[in-house]
Engineer: 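Here it is, the structure in full.
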Amino acid sequence: MFRFRLYWTFTKKAFLRSAVYRFDVWSRLGSNLIFLLMWGSIWTALYAGREEAGGVSFESMLTYIVVSQFLTGVNGAGTPLWEIQEKVRTGDISLELMRPFDVPLRYLFADFGSVAFYILTALLPLYTVMFIFMDLTLPSGWETWALFIVSAFIGFLIRYCIEMSFGLLSFFLVETGGIVDVFYFAMSLLSGSVIPLWFFPGWLETMAIYLPFQGIYYIPNAIFIGKISGAEILLSLGVQLFWVAASYLLLRFVWNRASQKVVVQGG
Amino acid sequence: MSVLNYFDLYFKLISAGVRAQLQYRFAFVMRIVGLITSYTGTALTMWIMLYQFQELGSWTLYEMLFLFAVSVLSWGFCIILFFHFRGLDTYILNGTFDRFLVRPINPFFHFMAMKFDVASFGQFIFSIGIFTLVSFKLQLDWTMGKSLFLLLSVVGGILIQGGLLVMISALAFWTTKSEQFYWVGMFPARNLTNYPLVIYPKAVQWFTAFVIPFGFVNYFPAAVLLEKETPFFPENIGYYSPLVGIVFFAIAYSIWMLGLKRYKSTGS
């Protein structure tokens, strides 16, 4: 039985907590903007004055990067992975296991709260200004906007499930550094967050298409700039739904194994 | 105490730290694997980028890899010597910083020698691998002069990046925060320098040359070694890298010492 009101409390609490630590939250914008500057400059230099490359105009490409950086901000605003891993390491997680709620869901709903605060008070105002003053393309119809938001939301869920599954490996391994790094690498490259899939060499594009990461950034970004359009959007959303289901099952599987195997260090 | 004594003490202190870290062999190997993976990931990203476009601001793939490797190499040493400085805030907040003040040695030195992160072998393996590959592909002629220059600019790079870490940690004396400044400021800014500075807006290039002199870590020295132009900057400006490093680090050290004077213990 899913008790929405219980989990909604976590969302509200996380929102309020972000409001208390608002300067810590806003300072993340600095990092987000530096990375935007970096990728914006890289793509400007790669296009080197060309109007279009690979069938995509420069304006669309720049929009792709800006939207991608916006979504990176959204995806990075939740509880950081190391915080959860630290709880496992110190044994604090056992306190949460004793309580009458589902831990992965509790963190997801808490993330909704902190992400909402970050979007409303930092990302949205800043990126709105950017869209006003820069030559970027906006989706033409409200349907595209709606589909983009749906797609970005599903992408958020896919990322949460996979990231959490990797994070929970700290139940089994004391040091997860190497494995987590592989995940972050896959997430930044194969998700198309910095280089869109259409610029990949053929074999790598094929590989990326069969992996869940493209659902996190590539699909919503491409919907936004109209690279994916019409019936293709529905197909892409279908792919995303498949991956969100698959990664949710993965998370459930890892979580079940992990909570069976709570080895609290030092008693 | 004489300088020689300090050297002796440094090696004693760090060798204890190294032995402690090597006790967890699995963790040690995993961290190195992780580091090499993420650096290889950045290199692979560069490769894909240039798969379609051939060059980025007139830099080709191998030149960019070289640029990247110079930065990774000096960063490896920097991690050994200074990376733990970013966590000074935790020591101050917990009151554990006091133990660095009650011993008859320089507190800066004591804090520096406290930790020696062996995972930086990951950086060394990666950068040496890339240097070998690029030297072969671009047929670089490693004369004595060039090798010496590379070595000196790596030292410059260590001092510049180390200096910035020291400055960030000094902020903890005033604001009781430092770790966060690293992650929101220095970490992304360091990432900027993985790519040739020429692609950035002019204001950013000036800033990274003359305010936070990241440009002297890898861009200017690499341009000298690869005989590439650095638009908007004097030719061969890279030769100043070691000097800039010394000056910048001296400033950072003074700021740290100034902060130390201001430090008041939590009393706990």
Side-chain angles (χ1 to χ4, degrees), chain A residues 21 23-48 50 53-54 56 61 69 76 80 82 169 173-190 192-205 208, chain B residues 21 24-59 64 119 122 175 177 179-201 203-205 207-208:
Chain A
Y21 295 105
F23 292 105
D24 288 0
V25 174
W26 292 336
S27 68
R28 273 196 230 123
L29 261 191
S31 158
N32 188 276
L33 281 177
I34 296 178
F35 278 112
L36 179 64
L37 169 75
M38 176 171 123
W39 287 108
S41 304
I42 287 174
W43 281 102
T44 309
L46 285 175
Y47 266 69
R50 267 171 288 198
V56 176
M61 186 58 230
Q69 205 50 42
W82 59 261
L169 290 177
L173 304 164
V174 175
E175 173 66 48
T176 57
I179 297 171
V180 171
D181 282 335
V182 172
F183 160 73
Y184 280 118
F185 161 62
M187 200 170 82
S188 86
L189 184 65
L190 296 172
S193 74
V194 290
I195 305 175
L197 264 51
W198 62 81
F199 284 126
F200 282 14
W203 60 272
L204 194 66
E205 187 182 356
Chain B
Q21 286 176 66
Y24 303 94
R25 207 152 303 160
F26 177 72
F28 171 68
V29 173
M30 283 295 279
R31 288 199 51 208
I32 291 188
V33 169
L35 279 171
I36 296 180
T37 312
S38 40
Y39 287 118
T40 311
T42 306
L44 209 62
T45 306
M46 290 174 178
W47 176 72
I48 295 169
M49 217 184 272
L50 296 185
Y51 176 81
Q52 294 281 346
F53 291 93
Q54 282 80 41
E55 54 175 43
L56 178 77
S58 89
W59 288 62
M64 260 166 63
T175 65
K177 264 182 203 198
E179 176 100 37
Q180 204 190 350
F181 290 120
Y182 170 78
W183 287 111
V184 301
M186 185 171 174
F187 170 73
R190 267 199 71 242
N191 272 276
L192 285 184
T193 64
N194 291 345
Y195 298 91
L197 290 186
V198 63
I199 64 170
Y200 299 116
V204 177
Q205 292 192 44
F207 189 81
T208 45

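A quick note: this is a predicted structure, and the numbers were derived from the prediction, not measured. First the proteins, then the strands, lettered A, B, ... as listed; each starts at 1.
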Engineer: Out of B/Ile199, B/Leu192, B/Thr45, B/Asn194, which one pairs with A/Ile42 under the side-chain contact (heavy atoms from CB on, under 4.5 Å) rule?
Structural biologist: B/Ile199
Engineer: So which heavy atom on A/Ala45 is nearest to which on B/Leu56, and how close?
Structural biologist: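 Taking every non-hydrogen atom into account, CB-CD1, 3.7 Å.
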Engineer: Indicate yes or no: at least one non-hydrogen side-chain atom of A/Phe185 is less than 4.5 angstrom from one of B/Leu44.
Structural biologist: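 A/Phe185 reaches B/Leu44 side chain to side chain.
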Engineer: Mind telling me whether B/Phe53 and A/Tyr47 have parallel, tilted or perpendicular rings, with 30° and 60° as the class edges?
Structural biologist: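 Geometry flag for B/Phe53 against A/Tyr47: tilted rings.
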Engineer: Contact part of A/Ser27 toward chain B, heavy-atom cut-off under 4.5 Å: side chain, backbone, both or neither?
Structural biologist: both
Engineer: Report the distance from atom CH2 of A/Trp39 to atom CG of B/Asn191, rounding to the nearest 0.5 Å.
Structural biologist: 9.0 Å
Engineer: Rounded to the nearest 0.5 Å, how far apart are CH2 of B/Trp183 and OG of A/Ser31?
Structural biologist: 10.0 Å
Engineer: Give, as side chain, backbone, both or neither, the part of B/Tyr195 having an atom under 4.5 angstrom from any heavy atom of chain A.
Structural biologist: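 For B/Tyr195, side-chain heavy atoms alone lie under 4.5 Å from chain A.
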Engineer: Identify which part of B/Glu55 has an atom lying under 4.5 Å from any heavy atom of chain A, answering side chain, backbone, both or neither.
Structural biologist: backbone
Engineer: Less than 4.5 Å apart, side chain to side chain, heavy atoms only: is that true for A/Pro201 and B/Trp47?
Structural biologist: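 Touching, per the 4.5 Å side-chain cut-off.
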Engineer: Using side-chain heavy atoms (C-beta onward) and a distance below 4.5 Å, is B/Lys177 in contact with A/Asp24?
Structural biologist: yes
Engineer: With rounding to the nearest 0.5 angstrom, report the CE to CG distance, B/Met49 to A/Leu189.
Structural biologist: 9.5 Å
Engineer: Would you call A/Phe200 and B/Gln52 a side-chain contact if the rule is heavy atoms closer than 4.5 Å?
Structural biologist: no
Engineer: So which part of B/Leu50 gets closer than 4.5 Å to some heavy atom of chain A, the side chain, the backbone, both or neither?
Structural biologist: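 For B/Leu50, side-chain heavy atoms alone lie under 4.5 Å from chain A.
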Engineer: Heavy-atom distances under 4.5 Å only: say whether A/Ala53 touches chain B with side chain, backbone, both or neither.
Structural biologist: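 The answer is the side chain of A/Ala53.
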Engineer: Please flag which part of B/Val198 lies under 4.5 Å from any non-hydrogen atom of chain A: side chain, backbone, both or neither.
Structural biologist: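 Neither part, no heavy atoms under 4.5 Å.
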Engineer: With a 4.5 angstrom heavy-atom cut-off, is it the side chain or the backbone of A/Leu46 that approaches chain B, or both, or neither?
Structural biologist: both
Engineer: Output the option from A/Leu29, A/Leu37, A/Asn32 having the highest count of non-hydrogen pairs under 4.5 Å with chain B.
Structural biologist: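 With the most close heavy-atom pairs to chain B, the winner is A/Leu37.
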